[in-house]
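Have a look at the structure below, then the notes.
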Amino acid sequence: MAAGRAELVLVTSVPLRAAARQVGSAGGAGPAGDGARPGRLARRAAIRRVLAQRCVQAVSVTVLVSTACFAVVQTLPGDVAMRIAAGRYGYDGVTAATADAVRAELGLDAPAWQQLLRWWADLLRLDLGTSLVTGRDVGAELALPVASSLQLAAVALLLAVVVGGAVGTAAARRPGGLLDRLTTVWVAGARALPPFLLGLLLIVVFSVHLGWLPAVGHGSASSVVLPAATLAVGLSGLFARVTRDTVAQIGGSAFVAFAETKGLRRRAVLVRHVLRNAGLTLVAYLGVQAVLLVEGVVVVESLFAWPGLGHALVHAIFWRDVPVLQAAAVALALLVVLVNTVVDLAGLALDPRPRRREVVP
Amino acid sequence: MSVHVEELVVTSAGRPLVDVADVGLPPGRAVTIVGESGSGKSLLAHAVMGTLAPELEARGRLRLDDTGYDVAERGNRRHLWGRRMALLPQEPVLALDPTMRVGEQVAEGAPGFRSDRRGGRRRAAELLAALGLGGWARAHPHTLSGGMAQRVAFAAATIGGAGVLIADEPSKGLDDAARDALAALLRRHLEGGGVLLTITHDLDLARRLGGDVLVMRDAGVVERGPAEEVLDRPAHPYTRRLLAAEPGRWTARPRSGGSPGGAPVLVSADGVGKGFDGRSVFADVSLTIRGGDRLALTGPSGSGKTTLGGVLLRLLAPDSGSVRHAPELARGRLQKLYQDPAVAFPARVPIGTGLRDLLHRHRPEPGRLEDLMTAMRLGEPLLRRRPGQVSGGELQRLAIIRAMLLDPLLLFADEPTSRLDLATQQETIGCLTDQVDRAGCGLVLVTHDRALARAVCDREVSLTPEPAGVPGSR
Amino acid sequence: MSSALAASPPLPRMAVGRLSGTQRCAAAVLVLLVLFAVAGPWVWPDPVAQDLSRFLQPPGLAEPLGRDHLGRSVVSRLAHATRLSLLMALACVATAALVGTLAGVLAAWRGGVVDTVLHGLSEAFVALPALLVVLVASAIADGGLWPLYAGLALAQWVEYFRVVRARSAVLLGGPAVEAAGLLGLGPVHVLRRHLWPDLAPLLTTMATFGLGTSVLALSTLGFVSVGVAPPTPELGQMVTEAFPFYDEAPWMSLAPVLVLVAVLLGLLGLRGREGGS
């Protein structure tokens, strides 16, 4: 450069994302402990953010479901007061007088928005009401269904993750190979065969014709096999596909290539780098599966008469048992939120990088 | 220890990509292959290592001391990796596992790590300390700068004691200081009696490594010899052209515009500062830009050049201070060129379609687009393609045309050539300065390349990050 | 505007006229189904006429699919059910895509309060499995079609909203739109040249998938007996009705199952090779 031509203005900028930029000279001084602290603070802030977001989501989804249920009550044919009176005193005890008493007590002649506020207030007090069919407290009514739904979902998910993960990892080793193509067919099949048809097929084959497994009921260990298998076939197909894509994609990344030329054995590369990173994506994908799982639970429980939340929900809709309907729907939605919260937290724990994007549930 | 490559041919569907008769790699003497992208130099390195993509065919022989290897066979060198041969990857930031602490990534390459993990970790810590990364073993890769990641990758590649080191574009994306450190590391490897093959388009790095230089073009070696000879007194015309394209050697062009001293002030920044997430990127910057100015904004990567540019263009609001634009800059008389022109055009419509919208909106004099296309030596058919289907150099010239259609008073170019190779850079900058001169338009050039800044601009504003060293803060 | 799904979804290629073999087969299957849904109800007009004397009559020339347990014509019921399913799916997907896309572009473009409100709403919907929304809607519907349609559309708009909002935010915040602003090009240019060309293929893929989801959801409701009210024929409900007779009258079960599987396979094949989840 011609010396006179350039005027050099030196602007010293502040420690920007600093340390990182400093190169050469003395190298990173300072004990490692110093470095961990800001990271840990950021981590804690991230955890708080996830919990706050999910709490807001839980509240808003509850309000949404509750409002929809209120709309159900409003559109029901016949007199609401009569119906509630019947629920309380039995059909024999319903008279115009008791109905009027109920109407006055619950403010059923108030404008709709006031009733809606009262409806929300009941929910806020965790007063779920009593079942219109059995007359029992909804909380007590749903304790068993929650437990059996969780049991079914857990078995199905475990099955799907183990089978799907193993098949997907194996398929990724030889993209375009036999196993890979079989997975593709399996996924397409699971897509085209809705859970209720698959369940029927399994009942016909294993229960009616072969007589190996019970088709309906709950209690014996073998009764969970068919419903869980029905759920797991679809879920594991998707899980296998996502595992395969993720493992193949990570297998082609620069850090895996580098790990190989460092001299690691294939197995070490797979376990220490490929699966470790694939785990991040797969854990996040479990959040997506939660939604599918809940949908599947509703269908499969109805089909196999499994006494879970989905079964209760469909019954409640059939009988227009609104308190049970509301509680079951809220419980299923909260299950989705819960799974996604766990998934988010697991993602934070596994991935040291600062998070820039939300995980889509 | 020495390596010999004989009769190496790499082909893709019958087309030769590498065709080299003989390359010898003696211990203690650097061998550097230079050339532009597409010359086959990277493939040569991967053929030697045995890491070519499966769809490429290779044949030839590799001799490592007394053992011969058939290059066509993929797996026969795998047992050498890490122990006898190592590859220093390009873009080390991507070559490190983002989820694993760097100490562990270095340690796992140590011999005997499977049986003695603690010993491996201790050796990794020693090695990192020797490279000036003492406290960083428990850091994750995303907290490292490019230069630090390069040193970690160097540690991970060499912990197994490999005598043969192949470095593939090791200086890509590094700033000046990090390149100095890298050159020192590579020289240290040579001083220990190691074999070093470096693939680079960075002639400056080749000069610093010394030893022998091979110039590759179109799959073949066009010139070879000692570094000082080839790089100072090139015999082959291609080498001469390659060298002339370095910004430091550009012949100064006469400026047609007058001195900007009396020109009106277009942009004035007064004590501006900007930060993200509570961290300041720069503070208290004041400058003025006049019509016909040629100003360079320089600084190492991450020093906030692009952010400062955004503030000066008023695309970002400063946290402190103010930026004023002269009223004549309104209505599109202030334009910008982007580092990656492919993302500055709508990705899914033909380039001509976007330009038609522009002509329709501003109605420049008829024939202006055609004149500019001719001046930039670009053909009409390019306009029917999408941005992804045009080469980087051509696309950047199309971006210059797009900006010039509006007769700007000030053109802001953000690293416009950092993704182009040297010859294309020279051509693109030539087109840019021609147009800017002809229109009497001011130019702000953002670049990390001081030589380029000096070749193009009259003034330079340098952003320097203040050194600090707290590991873990990002 | 920077939040949400910064990664761009995979961009599907669906150049019209360059369909693969699978896609051509799938399209043929779908065309046949549409023909059946359009012409069938016209050829076999009455799906509810009972004739108990022809209880479980096997297929023959007059009745290609035989008669069911109430002596009703299975082919007529099937044609009406197919038409119902396809029409409902089309209407729901069109509504959901339109609403979701408009809301998504609006949220990404305006940001601020509009974005906060719409995003908050979508967060609540995203935790609700579509089937749950449709189930609750069916409680209101009481067998009627309109609330079912509203429920299905309501269950699906959020996907379009989220994808469109995230993608638009990336595009609108990107250099190409920034350059368009510096070049003085207005919102019409941004919509026509930047947003629409990028969103259209995404929307096509999602809509194809959404059609399958809608058909499936509707038949699932029918299957658990809370969907369309009984005398009106519906695919899922036909499966349930036929199940007790699957041994004696397999045609009765197989016909709706085959139509359902054909619709889903056809839509799946049209999307080409497996497009993720």
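A, B, ... follow the sequence lines: proteins, then strands. Residue 1 opens every chain.
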Counting only heavy atoms not in [X], do more than 12 fall under 6.0 Å of its [atom1]?
| X | atom1 | result |
| --- | --- | --- |
| A:R173 | CZ | no |
| B:R114 | CZ | no |
| A:R266 | CZ | no |

Tell me, side chain or backbone of [X] under 4.5 Å from chain A's heavy atoms, or both, or neither?
| X | answer |
| --- | --- |
| B:M49 | side chain |
| B:A162 | neither |
| B:E104 | both |

Please look at A:I250 and chain B and tell me whether the side chain, the backbone, both or neither of the residue comes under 4.5 angstrom of a heavy atom of that chain.
-> neither
Among [options], which residue forms the greatest number of heavy-atom pairs with chain A at distances under 4.5 Å?
| options | answer |
| --- | --- |
| B:A95, B:G82, B:G273 | B:A95 |
| B:P98, B:A149, B:P89 | B:P98 |
| B:G109, B:A86, B:A156, B:P111 | B:A156 |
| B:A153, B:A296, B:G50, B:A451 | B:A153 |

Nearest 0.5 angstrom please: [X] [atom1] to [Y] [atom2], how far?
| X | Y | atom1 | atom2 | result |
| --- | --- | --- | --- | --- |
| B:L87 | A:K262 | CG | NZ | 12.5 Å |
| A:R265 | B:H79 | CZ | NE2 | 12.5 Å |
| B:Q105 | A:H273 | CD | NE2 | 6.0 Å |
| B:H46 | A:T261 | NE2 | OG1 | 9.0 Å |

Between A:F258 and B:L96 the two heavy atoms that sit nearest each other are CE2-CD2, 4.3 Å
How close do A:R272 and B:D97 get, heavy atom to heavy atom, and via which atoms?
->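 Closest approach of A:R272 to B:D97, heavy atoms only: O-OD2, 3.9 Å.
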Is there a side-chain contact (heavy atoms from CB on, under 4.5 Å) between B:L94 and A:F255 once you walk through the steps?
-> CA-CA 6 Å; B:L94 300 179; A:F255 63 80; over 6 Å; no
Is there side-chain contact between A:L350 and B:T99, with at least one heavy-atom pair below 4.5 Å?
-> no
